[in-house]
Amino acid sequence: MNMARPVLLLIWALVVVAWSSFASAEIVEHTFHVQNLTVNRLCQTQVITAVNGSLPGPTIRVREGDTLVVHVFNKSPYNLTIHWHGIFQILSGWADGPDYITQCPILPGHSYTYRFNITGQEGTLWWHAHVSWLRATVYGALIIRPRAGHTYPFPKPYGEYPIVLGEYWNANVVDVLNEALASGAAPNNSDAYTINGQPGDLYPCSSSNKTHKIKVIHGKTYLLRIINAALNGQLFFKIANHKLTVVAVDASYTNPYYTDVVVIAPGQTVDVLMTADQPPALYYMAALPYASAAGLNISSTATTGIVVYEEATSSTPIMPVLPALNDTSTAHKFYSNITGLVSSPFWTPIPREVDEQMFVTAGLGLVACGKPGNASCSGPLNQRFAASMNNASFQLPTTMSVLQAFWGNVGGIYTTDFPKQPPVKFDYTNSSNSLDTSLVMTTKSTKTTKLKFNATVQIVLQNTALIGIENHPIHLHGFNFYVLAQGFGNFNQATDTKKFNFVNPQVRNTIAVPTGGWAVVRFQANNPGVWFMHCHLDVHLPWGLATAFVVDNGPTPSTTLPPPPPDYPQC
Ligand SMILES: *[C@@H]1O[C@H](CO)[C@@H](O)[C@H](O)[C@H]1NC(C)=O
Ligand SMILES: *[C@@H]1O[C@H](CO)[C@@H](O)[C@H](O)[C@H]1NC(C)=O
Ligand SMILES: *[C@@H]1O[C@H](CO)[C@@H](O)[C@H](O)[C@H]1NC(C)=O
Ligand SMILES: *[C@@H]1O[C@H](CO)[C@@H](O)[C@H](O)[C@H]1NC(C)=O
Ligand SMILES: *[C@@H]1O[C@H](CO)[C@@H](O)[C@H](O)[C@H]1NC(C)=O
Ligand SMILES: *[C@@H]1O[C@H](CO)[C@@H](O)[C@H](O)[C@H]1NC(C)=O
Ligand SMILES: *[C@@H]1O[C@H](CO)[C@@H](O)[C@H](O)[C@H]1NC(C)=O
Ligand SMILES: *[C@@H]1O[C@H](CO)[C@@H](O)[C@H](O)[C@H]1NC(C)=O
Ligand SMILES: *[C@@H]1O[C@H](CO)[C@@H](O)[C@H](O)[C@H]1NC(C)=O
Ligand SMILES: *[C@@H]1O[C@H](CO)[C@@H](O)[C@H](O)[C@H]1NC(C)=O
Ligand SMILES: *[C@@H]1O[C@H](CO)[C@@H](O)[C@H](O)[C@H]1NC(C)=O
Ligand SMILES: *[C@@H]1O[C@H](CO)[C@@H](O)[C@H](O)[C@H]1NC(C)=O
Ligand SMILES: [Cu+2]
């Protein structure tokens, strides 16, 4: 009796431990109510579209291996979709979200349930609307922690905070976009950047009690999960007097990278450790744009939040010195110097044989005004602003999603003739041909690239100087890619290939291609479906800076896309 009881307890404990590790994958279920919300920012009230009455919307927390189910009720006046940015969506492409690529929009008054597994990735991702400009206010963090019994590849932080950077208009953002699309001009600039939905107290009517604050205890280390949810602004981010250690980007672990400044493009995430090792006080965290294009007239007021030490006595926060808006060398140092963590459990070796070699120019251009009579448009040369990849300016279908057309073998929705090389070779980054009328005009089409299942794809992304050079953050849905090299000027096959990092390249889902330069990425197309690749500046996406990959099914049921869910929205 005396012996049996501890033995039974031990057996019971072992069973519980074994069961909990088998049963560690959970179904995490949430409901999003998307509807009008009246907010007060910058001395004005504004009706925005928001999830569950908050800006940012709810933070979703899962563990690697979980199934996420989100019921989205569209009670807004606009067509809606939600994208789960950076999630692989293995065999669940129906839940990816970009409008007319993987689904038709959820109409006002309708709903759709997004259901997918989260496997093989952990860290910080986010969700956002993927239609029109709604993601300006429809966004939130999506945090993937290690599964039960697993740990981070760095010392466990004492606490953690999502830091979601945003961009705010004192206007209805759908109207701002539509006004620009109608005239052919560039859309109105935003009025402020934000940290967790607040511009911060350097802006008018943004008193300190509205400014986002995080509490820290002296001597403790915190994990800050920084997300750039801004529509168009790449951002420099600093915390006064504090050093930061980057441990992950785009939910992919990195070697520790020590810095006092983070640079983050829309679509990207950066996880940093911050030790509260300074004298107890108040310290601003602040973000200001990295404006890679010349001549942009953007806000030079920093958005701020406040790091509050528990023992602080002073009430005046200390401000960091931020880089100049055009500090490309600071941006490039950060963007190019981070390396991937080969010892991560999710690391896979870089495939050395390439099946599809692509060279893709990315940048701005113009499309013919096309207004009746000889009316002119308000873009450069009285035409319309446009953007393209390999001179194909992407046009969304209107009657069916590309994925549904692929699945049902329906013709007339998209073509598979996206060029693997630029159709015209020219001195891509030479600013003297910015407005060369023989080069700058482009045309609309829905050209995609068909890929065999599991093909290895390498893409040289080359920025052009047409209209103007600019750093474009190119985001690929459905896959992470290795960033093999980056540089300025025109990519040189002979010399730049030698710079490829096959040892520990950074792994990302969004690459900020250097302004007037290039980046080389490689990925393995091991997931059937339709995967959008596009500029994550929402000023350029509707202009056509996009294309898509159509990846065939593999040979087995476990590599074949299942049918769409019963509530899949139709056009
Ligand atoms: C959103 O709001 C609905 C209705 O109040 C609630 O049932 C749901 O739990 C909320 N979802 C989240 C993720 O907070
Ligand atoms: C939501 O706001 C828009 C204006 O942005 C307005 O036209 C619409 O009537 C509002 N809808 C509801 C249900 O309040
Ligand atoms: C998601 O995970 C569940 C539970 O492990 C599994 O039954 C289901 O087949 C998975 N779905 C996909 C699309 O792989
Ligand atoms: C864009 O800015 C112009 C000039 O300030 C203003 O007249 C116009 O109303 C703005 N458009 C929208 C949709 O807010
Ligand atoms: C915030 O600060 C303002 C001005 O300092 C004050 O009028 C207001 O009552 C404060 N609001 C809250 C909720 O503390
Ligand atoms: C920049 O924008 C501000 C406010 O919108 C305006 O006052 C200023 O004149 C503009 N500057 C230039 C150089 O266009
Ligand atoms: C950045 O802008 C400043 C003026 O605002 C200018 O003096 C400087 O030359 C610019 N630097 C670069 C690298 O363009
Ligand atoms: C990367 O860092 C190394 C030293 O840490 C430095 O020598 C190099 O210039 C950096 N690269 C860039 C592009 O700044
Ligand atoms: C448009 O311009 C062309 C060439 O300048 C001219 O021949 C034509 O009459 C114009 N049409 C209208 C409707 O003004
Ligand atoms: C793009 O195509 C247009 C025709 O649609 C042509 O005029 C232009 O030269 C091409 N430009 C480039 C850079 O390929
Ligand atoms: C895809 O190809 C890689 C080699 O490039 C191979 O290791 C892997 O098993 C393949 N995956 C599938 C699902 O066939
Ligand atoms: C909303 O989506 C439906 C279905 O695709 C489409 O017919 C309609 O034009 C869209 N509305 C707007 C305002 O884009
Ligand atoms: Cu862009």
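Just follow the structure's listing: the first ligand is 1, and inside any ligand the first atom is 1. Note that the structure is predicted; figures quoted are calculated from it, not measured.
Nearest protein heavy-atom neighbour of atom 13 (C) of ligand 1: His30 ND1, 3.4 Å. For atom 7 (O) of ligand 1, the nearest non-hydrogen atom of the protein is Thr31 CB, 4.6 Å. Protein heavy atom in closest approach to atom 3 (C) of ligand 11: Gln524 NE2, 3.5 Å. When only non-hydrogen protein atoms are considered, atom 11 (N) of ligand 7 lies nearest to Asn326 ND2, 2.9 Å. Closest to atom 12 (C) of ligand 1 among all protein heavy atoms lies Asn52 ND2, 3.2 Å.
Atom 5 (O) of ligand 1 is never approached by the protein to below 4.0 angstrom, counting heavy atoms only. Atom 9 (O) of ligand 11 lies below 4.0 Å from none of the non-hydrogen atoms of the protein.
Donor-acceptor pairing under 3.5 Å is recorded for the side chains of Tyr482 and Thr348. Remark: the Thr81 side chain and the Asp99 side chain contain no N/O donor-acceptor pair separated by less than 3.5 Å. A donor-acceptor pair shorter than 3.5 Å can be found between the side chains of Ser432 and Asn430. Asp327 and Ser329 share a side-chain donor-acceptor pair at under 3.5 Å. Using modelled atom types and a 3.5 Å distance limit, the side chains of Glu167 and Ser190 yield a donor-acceptor pair.
Aromatic pair Phe359/Tyr428: centroids less than 6.0 angstrom apart. Phe523 and Phe549 have their aromatic ring centers within a separation under 6.0 angstrom.
Each of the following atoms of ligand 11 lies closer than 4.0 Å to a heavy atom of Asn454: 1 (C), 2 (O), 3 (C), 8 (C), 10 (C), 11 (N), 12 (C), 14 (O). Contact atoms of ligand 1 toward His33: 2 (O), 3 (C), 4 (C) (distance under 4.0 Å to a heavy atom of the residue).
Taking distance alone, with nitrogen or oxygen atoms compared against 3.5 Å, Thr559 stays at or beyond that limit from ligand 11.
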